[in-house]
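One structure below.
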Amino acid sequence: MKTLIARSLKFESGVVQVLDQYLLPHQQVWHECRDVATMSELILTLKVRGAPLIGLAASLLIGYLVEQGEDKDAIARSIDELEATRPTAVNLMHCMAKLREALQAIDWQQQVITTAEQLFEEDTALCDRMANIGAELVNAGDNILTHCNTGALATAGVGTALGVIYYAAKQHGDIHVWVDETRPLLQGGRLTAFELDAWQIPYTLICDNMAASLMAAGKVDKVFVGADRIAANGDFANKVGTYNLAVLAHFHNIPFYVVAPITTLDRSCPNGAAIPIEQRAKSEVTGVSGSFGDCQWAPNNAEVYNPAFDVTPASLITGWVLDTGLFTGDEVALGVFSQS
Ligand SMILES: CSC[C@H]1O[C@H](OP(=O)(O)O)[C@H](O)[C@@H]1O
């Protein structure tokens with residue numbers, strides 16, 4: 001496979017390497033990955049995370065295993081195992097489906113490797129197109145609220161929603177960003193803050209429960225978020241807390257945009273109720289562990305509800321920014337996402 005370099009994922013020196021996003025922002029540690037078990041652990045523990053990036057990391061590993069001489073049946077099993085790691089982000093399923101198609105070719109080894117490379121390079125272009133389309137929606141001086149992390153760390157390019165913010169800031173210069181810390185794993189407070197620092201874009205970090213009062217005070221002009229899966233009717237799943245923001249934005253008449261590549265659209269999923277929502281460990285809510293400390297604040301016997309995502313209905317969305325264009329509620333209601 002060719003050398004492929006992105007902010008948190010690369011194929012270099014003949015091996016897949018991932019930046020450990022669980023240790024950011026205070027430690028930048030790269031891990032080499034040579035097998036399915038290691039990649040599965042990296043994805044399950046969100047060392048590798050972000051809907052597009054999960055699919056790309058898994059794809060590069062499959063390409064690596066083909067180069068290492070694994071046989072066709074072993075590759076098929078590896079694809080199945082990686083696809084089963086996290087159920088909500090459909091980009092992973094999209095990438096694995098493309099690799100399964102390549103596996104049917106006579107020259108399947110070369111086709112799988114080429115497909116893995118193309119998926120990676122395609123994502124860079126998808127991000128660029130989303131960022132350009134979305135930046136047109138931003139005005140000079142806007143205060144934009146965003147949730148979780150949707151930047152270069154989560155893609156092979158500049159990101160989805162955060163890519164829009166990056167391009168808008170380059171165009172207008174005076175954009176300010178309200179960054180939801182995004183409980184429980186703090187992707188906003190750790191990763192989006194890290195990326196905005198690197199891009200020198202002014203931001204203010206807030207707890208998730210502060211968005212409502214900011215909107216009531218007229219301090220939020222627009223909301224841009226990413227997506228893990230968009231259903232055919234325009235409902236979408238994204239990091240838990242996104243639905244909160246959509247309801248609040250609707251109440252306060254604030255434009256609410258979802259930004260995602262076409263690889264996040266699942267035409268086979270009729271609506272948000274059909275999107276599988278990943279349930280995660282109790283320990284993520286009862287305390288913290290790892291690079292940002294080790295402490296448990298909740299009682300040992302606390303019952304915990306920890307869905308990694310929630311679903312926002314299409315009725316609350318102002319516009320869908322895909323790499324293929326900006327789509328309105330009327331277009332989505334007419335089934336634009338159902339057509340191939
Ligand atoms: C462009 S990343 C899309 C999406 O993925 C994130 O989830 P996670 O951090 O659990 O991988 C978050 O929902 C982002 O909006």
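Computed from heavy atoms alone, side chains included, the values below leave out hydrogens, waters and symmetry copies. Start at 1 and go down the list; that is how both ligands and their atoms are numbered. Since this is a predicted model, take the numbers as computed values, not measurements.
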Could you label the plane-to-plane angle of the Phe337 and Trp320 rings as parallel, tilted or perpendicular, counting under 30° as parallel and over 60° as perpendicular?
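The rings of Phe337 and Trp320 stand perpendicular, inter-plane angle above 60°.
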Which protein residues have a heavy atom under 4.0 Å from ligand 1?
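Ligand 1 pocket, heavy atoms under 4.0 Å: Leu46, Arg49, Gly50, Ala51, Pro52, Arg86, Cys148, Asn149, Thr150, Ala154, Thr160, Gln187, Gly226, Ala227, Asp228, Asn238, Lys239, Phe309.
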For the backbone of Gly141 and the side chain of Asp174, can you confirm whether one donor and one acceptor N or O come within less than 3.5 Å of each other?
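Checked: pair present.
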Set out, in order, the CA-CA distance, both residues' side-chain angles and the distance that settles side chain to side chain contact (heavy atoms under 4.5 Å, CB included) for Val36 and Leu65, then state yes or no.
CA-CA 9 Å; Val36 170; Leu65 294 175; 3.9 Å; yes
Side chains of Arg190 and Asn149: any donor to acceptor distance under 3.5 Å?
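No, no side-chain donor-acceptor contact under 3.5 Å.
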Test item: side-chain donor near acceptor, Asp266 and Ser268, under 3.5 Å
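Yes - a donor-acceptor pair under 3.5 Å links their side chains.
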Can you see whether Phe309 has Lys239 sitting over its ring - NZ or CZ less than 6.0 Å from the centre and within 45° of the normal?
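Yes, Lys239 lies over the aromatic ring of Phe309.
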